Amino acid sequence: MTNADVARVFREIADLLEIGGDSGFRINSYRRVARTIGDLPNEVADIAARGELGKLPGVGKASAEKIATLLETGRLSLREELGKKVPESLLELLGIPGMGPKKVALLYHERGIESLDALSRAIASNQLDGMKGFGAKSIAAMREGIEFLKRSAGRTRIGAAWPTAELLRACVAEMPGVQRVEHAGSLRRGRETVGDLDLLCVGADGRGIVQCFTEYPGVSRVLASGGTKGSVLVGLGQGREIQVDLRVVPAESFGAAWQYFTGSKEHNVRLRERAVKRGWTLNEYALSEADGGKVIASKTEEEIYAALDLPWIVPELREDRGELDLREPIDDLLTLEDIRGELHMHTTASDGKHTIEQMVQAARERGYKYVCITDHSQSSVIANGLKPSRLLRHIEAVRKVGSESRGMKVWVGAEVDILADGSLDYEDELLAQLDFVVASVHFGMGKDIEHNTQRTIAAIRSPYVNVIAHPTGRLINKRDAMPIDIEAIAKEAARTGTALEINASSYRLDLRDQHARVARDLGATLCINCDAHHREHFKQMRFGVQTARRAWLRKQDVLNTRGAAEVAEFVRAKRP
DNA sequence: GCCGTTTTCGGCCCGACTGTTTTCAGTCG
């Protein structure tokens, strides 16, 4: 059983308990366990084998036993009993916006509705008419909700959501009476996917601004529209939609509101607990004395954190992953401005869209000090990988561009396939002619964790390999990460002086945040690359940097924050 | 079910919007 499997079982238990009307606190603890396991960078089975399940946050004696049973037998009696009490297909009904456990239970007990299809049929044949709590508007909302569920494929890649978010922010900024507007939610925290978009604005006439917002031309449906809050659906293209929430607050509440709507939910719960312990209460308007007492802080996030004896915590860290235990802010947390070059990109020599000159020019326009051209190796046939003879000519071509490049170092490298047995797609004699080598797996990812790990470690041990690119091969929302032992890989990378990539493409973001954090903790150097196949792809660096910040990476942890001479020294130190 | 600077029991974060049960429960974030 993978971590995701264990997490799913705990989530399903929580959902089923909720439909059954169990204690909210008990339900929450199952959700907490699901989240803890789902977030783990390493295998929960290894933690179980060491007898350390109870050390995980939110995992007590009862949950530890359930996890162990699940890992040993693949089954859990509580889960199976709950599945017998009510049909499992009820879980899919919870996905309908506006539909919660109480309504699902009511539909099941009073009308025997067990699935999305059954609900669609019941609505179509007016079977819900006269049901208590289900008026005409509720039924219409359910019908549209089912349609939305079919159109939306869950969470959206941050790269797909970002342009729409920026457009909406600019649009709200132009509305009459709006003084300030900012992103909040998981977009601001830089998560790899977002569930919805959150905008927060300062303005006096909330109702007027919300009204104006719901009339924006891109809005396909208005979900809610009140005096301080509006929710709408906006098209993302290709028939996909995303929910966008706008909150309007007075200027004096902006800090409290921004903190509140940035989340994460878990971070906020911890923060409010901290407030309660001091006899205060924290909401989106202010940190204040309990029972409507005087306001302690509200204007800025900094004031609120300071009142709770905390440094201001950067949004990417707000995940309840230990950031509230920090006494001091992390020095030198990586920023976009720290990035001085890119070491993984493609040209028309393999499957890129631009020539060497065009890619170099695009990097120059971003202010980079160096680039490395890394086209595909011969085994990547579909990507027009280079046979050795072509590579030799390509090396000459890149060196020529480099010799004519003023103020920016141009290196020649390759993205070399790691073959099934861990060997590389070019001979050492050829690799030795390159300035820098990126190695990666492109096929045969379906193997087990032991095989994948040894395959990657074999590549790390080559004296010519400088970066392992997209180490798990995942494609967000498309292909799962291949299982790897990140601790073993990170230790070997640290020992040999090999960097591990955070691929900044929003399709990949690989290593992901939690993996990168483990890698850094074990002493490995990270390297953030856009894997650009088009000059526009350089813009994805912001997502890679946010992922790195979520991994608590500092400037010194990242290879391409260093100068060209230091990068060259990183290579030289590993060569024979 | 979890947890502890109110520590082994008794708490566990907070408010907006909607529909409709006309005083509030359900859902959401």
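Residue numbers begin at 1 in each chain, while the letters A, B, ... track the order of the sequences. No experiment lies behind these values; they were computed from the predicted model shown. Every heavy atom of this structure was used, including side-chain atoms; hydrogens, water molecules and symmetry mates were not.
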So which pairs with a foot in residues 126-140 of chain A pass side-chain hydrogen bond (donor to acceptor under 3.5 Å, both in side chains), sequence neighbours left out?
-> Ser125(A)-Gln127(A)

Quote, to the nearest angstrom, the C1' distance that separates dT22(B) from dC28(B).
-> 24 Å

What pairs of donor and acceptor atoms, side-chain ones from residues 222-231 of chain A against any protein atom, are under 3.5 angstrom apart with sequence neighbours left out?
unit_1: Ser231(A); atom_1: OG; unit_2: Asp245(A); atom_2: OD1; d: 2.6

Closest of dC2(B), dT6(B), dT21(B) to the Lys277(A) side chain is dT6(B)

Just call it for Gly227(A): base, sugar-phosphate, or nothing, with non-hydrogen atoms closer than 4.0 Å on any strand.
-> sugar-phosphate

Scan the side chains in residues 157-167 of chain A for donor-acceptor partners under 3.5 Å anywhere in the protein, sequence neighbours excluded, and list what turns up.
unit_1: Arg157(A); atom_1: NH1; unit_2: Ser506(A); atom_2: OG; d: 2.7
unit_1: Arg157(A); atom_1: NH2; unit_2: Tyr507(A); atom_2: OH; d: 3.2
unit_1: Glu166(A); atom_1: OE1; unit_2: Arg169(A); atom_2: NE; d: 3.2
unit_1: Glu166(A); atom_1: OE1; unit_2: His183(A); atom_2: NE2; d: 2.8

Tell me: NZ of Lys137(A) to P of dC17(B), nearest whole Å?
-> 15 Å

When rounded to whole Å, the CZ to C1' distance for the pair Arg207(A) and dC17(B) reads 10 Å

Could you run down nucleotides 24-29 of chain B 5' to 3' and tag each one B, S or - for protein heavy-atom contact under 4.0 Å?
-> --SSSB

Under the side-chain hydrogen bond (donor to acceptor under 3.5 Å, both in side chains) rule, what pairs show up with a residue in residues 87-110 of chain A, not counting sequence neighbours?
-> Arg79(A)-Glu88(A)

Atom CD1 of Ile139(A) and atom P of dT18(B): how far apart are they, to the nearest Å?
-> 19 Å

Pairwise C1' distance for dT8(B) and dG1(B), with rounding to whole Å | 14 Å

Can you sort out which residues in residues 26-35 of chain A have a heavy atom within less than 4.0 Å of DNA chain B? Ascending by number, please.
-> Arg26(A), Ser29(A), Tyr30(A)

Provide the full list of ring-ring contact (aromatic ring centres under 6.0 Å, His included) pairs with a residue in residues 5-39 of chain A, sequence neighbours left out, each pair given once.
-> Phe10(A)-Tyr30(A)

Does anything in residues 247-260 of chain A pair up under salt bridge (Lys or Arg N to Asp or Glu O under 4.0 Å), and if so which pairs, sequence neighbours excluded?
-> Arg247(A)-Glu284(A)

Phe213(A) CZ to dC17(B) P, straight-line distance once rounded to whole Å | 14 Å

dT27(B) and dT20(B), which share atom name C1', separated by this distance in whole Å = 15 Å

Where the side chain of Thr228(A) is concerned, which of dC17(B), dT20(B), dC14(B) is the nearest nucleotide?
-> dC17(B)

Measure from CD on Glu65(A) to C1' on dC2(B) and round the result to the nearest Å.
-> 14 Å

Taking 4.0 angstrom as the limit, do Glu319(A) and Arg35(A) come out as a salt bridge?
-> yes

Watson-Crick or G-U wobble partner of dT8(B), both distances under 3.5 Å | none

Between side-chain atoms of residues 302-318 of chain A and protein atoms elsewhere (two or more places apart, or another chain), which donor-acceptor pairs fall under 3.5 Å?
unit_1: Tyr305(A); atom_1: OH; unit_2: Gln259(A); atom_2: NE2; d: 3.2
unit_1: Tyr305(A); atom_1: OH; unit_2: His267(A); atom_2: NE2; d: 2.8
unit_1: Tyr305(A); atom_1: OH; unit_2: Arg318(A); atom_2: NE; d: 3.3
unit_1: Asp309(A); atom_1: OD2; unit_2: Arg278(A); atom_2: NH2; d: 2.9
unit_1: Trp312(A); atom_1: NE1; unit_2: Glu301(A); atom_2: OE1; d: 2.8
unit_1: Glu316(A); atom_1: OE1; unit_2: Arg549(A); atom_2: NE; d: 3.4
unit_1: Glu316(A); atom_1: OE1; unit_2: Arg549(A); atom_2: NH2; d: 3.4
unit_1: Glu316(A); atom_1: OE2; unit_2: Gln546(A); atom_2: NE2; d: 3.2
unit_1: Glu316(A); atom_1: OE2; unit_2: Arg549(A); atom_2: NE; d: 3.1
unit_1: Arg318(A); atom_1: NE; unit_2: Ile313(A); atom_2: O; d: 2.8
unit_1: Arg318(A); atom_1: NH1; unit_2: Glu301(A); atom_2: OE2; d: 3.1
unit_1: Arg318(A); atom_1: NH2; unit_2: Glu301(A); atom_2: OE1; d: 2.8
unit_1: Arg318(A); atom_1: NH2; unit_2: Ile313(A); atom_2: O; d: 2.8

So which of residues 66-91 of chain A are in contact with DNA chain B, with a heavy-atom cut-off of under 4.0 Å?
-> Lys66(A)

Taking dC14(B), dT18(B), dT20(B) as options, the one with an atom nearest any side-chain atom of Ser138(A) is dT20(B)

How far does the P atom of dG15(B) sit from the matching atom of dG10(B), given to the nearest Å?
-> 26 Å

State whether a side-chain donor-acceptor pair under 3.5 Å links Thr335(A) with Asp338(A).
-> yes

Can you list the residues that meet the side-chain hydrogen bond (donor to acceptor under 3.5 Å, both in side chains) rule with Arg75(A), with sequence neighbours excluded?
-> Glu80(A)

Indicate, with a heavy-atom threshold strictly under 4.0 Å, whether Arg247(A) touches base, sugar-phosphate, or nothing.
-> sugar-phosphate

Would you classify Ala136(A) as touching base, sugar-phosphate or nothing, given that sugar-phosphate means primed atoms plus P, OP1 and OP2, and contacts are heavy atoms under 4.0 Å?
-> sugar-phosphate

Under 3.5 Å donor-acceptor pairs involving side-chain atoms of residues 195-214 of chain A, not counting sequence neighbours:
unit_1: Asp205(A); atom_1: OD1; unit_2: Gly208(A); atom_2: N; d: 3.0
unit_1: Gln211(A); atom_1: NE2; unit_2: Glu215(A); atom_2: OE2; d: 2.7
unit_1: Thr214(A); atom_1: OG1; unit_2: Gln211(A); atom_2: O; d: 2.7

In whole angstroms, the gap separating P of dC2(B) from CG of Leu53(A) amounts to 12 Å

Could you state the CD-C1' distance from Glu144(A) to dG19(B), rounded to the nearest angstrom?
-> 15 Å

Between Arg554(A) and Asp332(A), is the closest basic N to carboxylate O distance under 4.0 Å?
-> no

Please report, rounded to the nearest Å, how far the P atom of dG1(B) is from the CG atom of Asp22(A).
-> 8 Å

Of the candidate nucleotides dT21(B), dG1(B), dT20(B), which contains the atom at the shortest distance from the side chain of Ser63(A)?
-> dG1(B)

Could you give the distance separating dC17(B) and dT23(B) at their C1' atoms, to the nearest angstrom?
-> 16 Å

Which value, in whole Å, describes the distance between the C1' atoms of nucleotides dC12(B) and dT6(B)?
-> 14 Å

Closest-nucleotide ordering on DNA chain B, the 5'-leading residue of Leu223(A) and Val59(A) = Val59(A)

Between Trp280(A) and Ser225(A), who's closer to the 5' end of DNA chain B by nearest nucleotide?
-> Trp280(A)

Can a salt bridge be assigned to the pair Glu266(A) and Arg31(A) using a cut-off of 4.0 Å between side-chain N and carboxylate O?
-> no

